[in-house]
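Below, each value reflects all heavy atoms present in this structure, side chains not excepted, and no hydrogens, waters or symmetry copies.
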Amino acid sequence: MFGSKIDLFDKEWLDVVFAKKNKSYGAYELRKNNGTNTTKALFLASAVFIFLFILPKIIDLIKGQMPEEEIVKQTEVVMAPPPPVDPKTPPPPPVEPPPPKTDQIKFPPPIVKPDNEVRDEDPPQVEQLKAADPGQKTIEGDPGADIVVVGPVGEGPKQAAVVEDTKVYDFVSIETQPGFPGGMDKFYAYLGKAIRYPPMAQENNIQGKVFCSFVVEKDGRLTDIKVERKLGGGTDEEAVRVLKASPKWTPGIQNGKPVRVKYNIPISFTLSN
């Protein structure tokens, strides 16, 4: 046996070495699977090396397939300076407007001057004004002349846009507060007739007040009805229902115009004996 070739990794040699020993010990398993683990490690290291080697080529290939960003070239344009103004060249004479279509007689507005500068000139007669229009100087008209508008023509005064006031005012900050037609006594009388005590609230003896808020619109309608403090047992829903069915109120007034006003009110629910 000693003259033969010894393979330390052979399974039979491991059995001889670990004969009558605890083979569940880690050394036996390591020796037994050493060849397999070495082969796996070699293949794994080779794969990682090959991947790292070809990674730059893969990156270049991906970049080559991506569209190139368009480069915007900026060209600087130098504008030539305007020609110098010759001070010796006189400006062009103003264009005289064409003669009016009708005759015009001098009738300037009166100007207050000292007595030594006053010159007596006879004002135009009524008969002359019937045949000619008043103006700053006397001009003979040309009935066949074209009408020319001298000077810039604007669009004229524009009417201001009417902006509707949608602001909701507080009840105590307006000039005239909104109210129910006939007063609040009439409103509570309406509530007494319109409210239907919820059966659940009757069975559980629920009594108290439901605090609600709403907005009195410009036409007197009640909108944006909310329950600010609930009582329960169906009383909250009943309070909202009777407010929605309420007749129109008198709107609040601010600066002489009807406005939207927020109003808070408690609605009582009481069981009679």
Side-chain angles (χ1 to χ4, degrees), residues 67 69-70 72 74 108-112 133-135 147-273:
E69 297 182 358
E70 184 178 357
V72 180
Q74 297 182 355
I111 301 175
V112 179
D133 296 332
I147 298 176
V148 179
V149 179
V150 181
V153 179
E155 298 180 357
K158 296 183 178 179
Q159 185 177 3
V162 178
V163 180
E164 184 179 1
D165 185 9
T166 59
K167 176 184 176 181
V168 178
Y169 290 82
D170 192 21
F171 175 77
V172 296
S173 64
I174 61 172
E175 298 172 356
T176 304
Q177 299 173 347
F180 190 79
M184 293 306 295
D185 293 338
K186 293 285 186 180
F187 179 70
Y188 283 113
Y190 156 75
L191 292 180
K193 295 179 181 179
I195 289 179
R196 301 170 186 172
Y197 217 103
M200 185 182 299
Q202 293 182 8
E203 294 175 1
N204 295 278
N205 195 25
I206 296 176
Q207 302 183 69
K209 294 182 179 181
V210 179
F211 290 85
C212 299
S213 67
F214 51 85
V215 175
V216 181
E217 297 290 341
K218 299 178 182 179
D219 58 356
R221 294 180 298 109
L222 304 186
T223 61
D224 197 17
I225 301 172
K226 297 179 182 179
V227 178
E228 302 295 343
R229 187 185 301 174
K230 298 183 178 181
L231 183 61
T235 56
D236 307 326
E237 293 77 5
E238 180 64 15
V240 173
R241 185 191 69 81
V242 295
L243 288 177
K244 287 183 178 180
S246 170
K248 290 186 177 182
W249 286 40
T250 303
I253 303 298
Q254 183 73 10
N255 297 327
K257 296 181 180 180
V259 294
R260 305 176 69 205
V261 182
K262 184 176 181 180
Y263 200 97
N264 299 307
I265 189 171
I267 299 179
S268 299
F269 286 84
T270 305
L271 290 172
S272 60
N273 295 330

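Contact of the Leu231 side chain with the Asp236 side chain is registered, since non-hydrogen atoms from C-beta on lie closer than 4.5 Å. For the pair Val216 and Leu222, the minimum side-chain heavy-atom distance is below 4.5 Å. Asn255 places none of its side-chain heavy atoms less than 4.5 Å from the side chain of Lys257. Using a 4.5 Å cut-off on side-chain heavy atoms (C-beta onward), Lys244 and Ile225 make contact. Ser246 is listed as a side-chain neighbour of Phe187, based on a closest heavy-atom distance under 4.5 Å. Side-chain atoms of Val210 and Pro266, non-hydrogen and from C-beta on, never get closer than 4.5 Å to each other.
Side chain of Gln254 to main chain of Glu175: a donor-acceptor pair is present (N/O by atom type, distance under 3.5 Å, no hydrogens or angles). Without hydrogens or angle criteria, Tyr263 side chain to Gln177 main chain gives no donor-acceptor distance under 3.5 Å. A distance-only check finds a donor-acceptor pair linking the side chain of Glu238 to the backbone of Arg196 [under 3.5 Å].
Taking CG from Asn204 and CD from Gln202, the interatomic distance works out to 10.5 Å, rounded to the nearest 0.5 Å. Note that CG of Leu243 and OG1 of Thr223 are 11.5 Å apart. Values are rounded to the nearest 0.5 Å. Between the CG atom in Leu191 and the NZ atom in Lys193 there is a gap of 11.5 Å [rounded to 0.5 Å]. Put simply, NZ on Lys209 and CD on Gln207 are 13.0 Å apart, with the number rounded to the nearest 0.5 Å. Remark: Ser213 OG to Ile265 CD1 distance equals 11.0 Å, nearest 0.5 Å. Rounding to the nearest 0.5 Å gives a distance of 9.5 Å between CG of Leu271 and CD1 of Ile206.
In terms of heavy atoms, Trp249 sits closest to Pro178 at CE3-C, 4.3 Å.
Both tests pass for Lys167 against the ring of Tyr169: distance under 6.0 Å to the centre and angle within 45° of the axis.
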Assess the residue pair Phe214 and Arg221 against the criterion (side chain to side chain contact (heavy atoms under 4.5 Å, CB included)); give the C-alpha distance rounded to whole Å, side-chain angles, the decisive distance to 0.1 Å, and a yes or no. CA-CA 10 Å; Phe214 51 85; Arg221 294 180 298 109; over 6 Å; no
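Other residues, nucleotides and ligands place no more than 12 heavy atoms under 6.0 Å from the NZ atom of Lys262. No more than 12 heavy atoms of other residues, nucleotides or ligands shown are found within 6.0 angstrom of CZ on Arg229. Other residues, nucleotides and ligands place more than 12 heavy atoms under 6.0 Å from the CG atom of Asp219.
When each of Thr235, Val227, Ile267 is tested with Val240 by the rule side chain to side chain contact (heavy atoms under 4.5 Å, CB included), just one qualifies, namely Val227.
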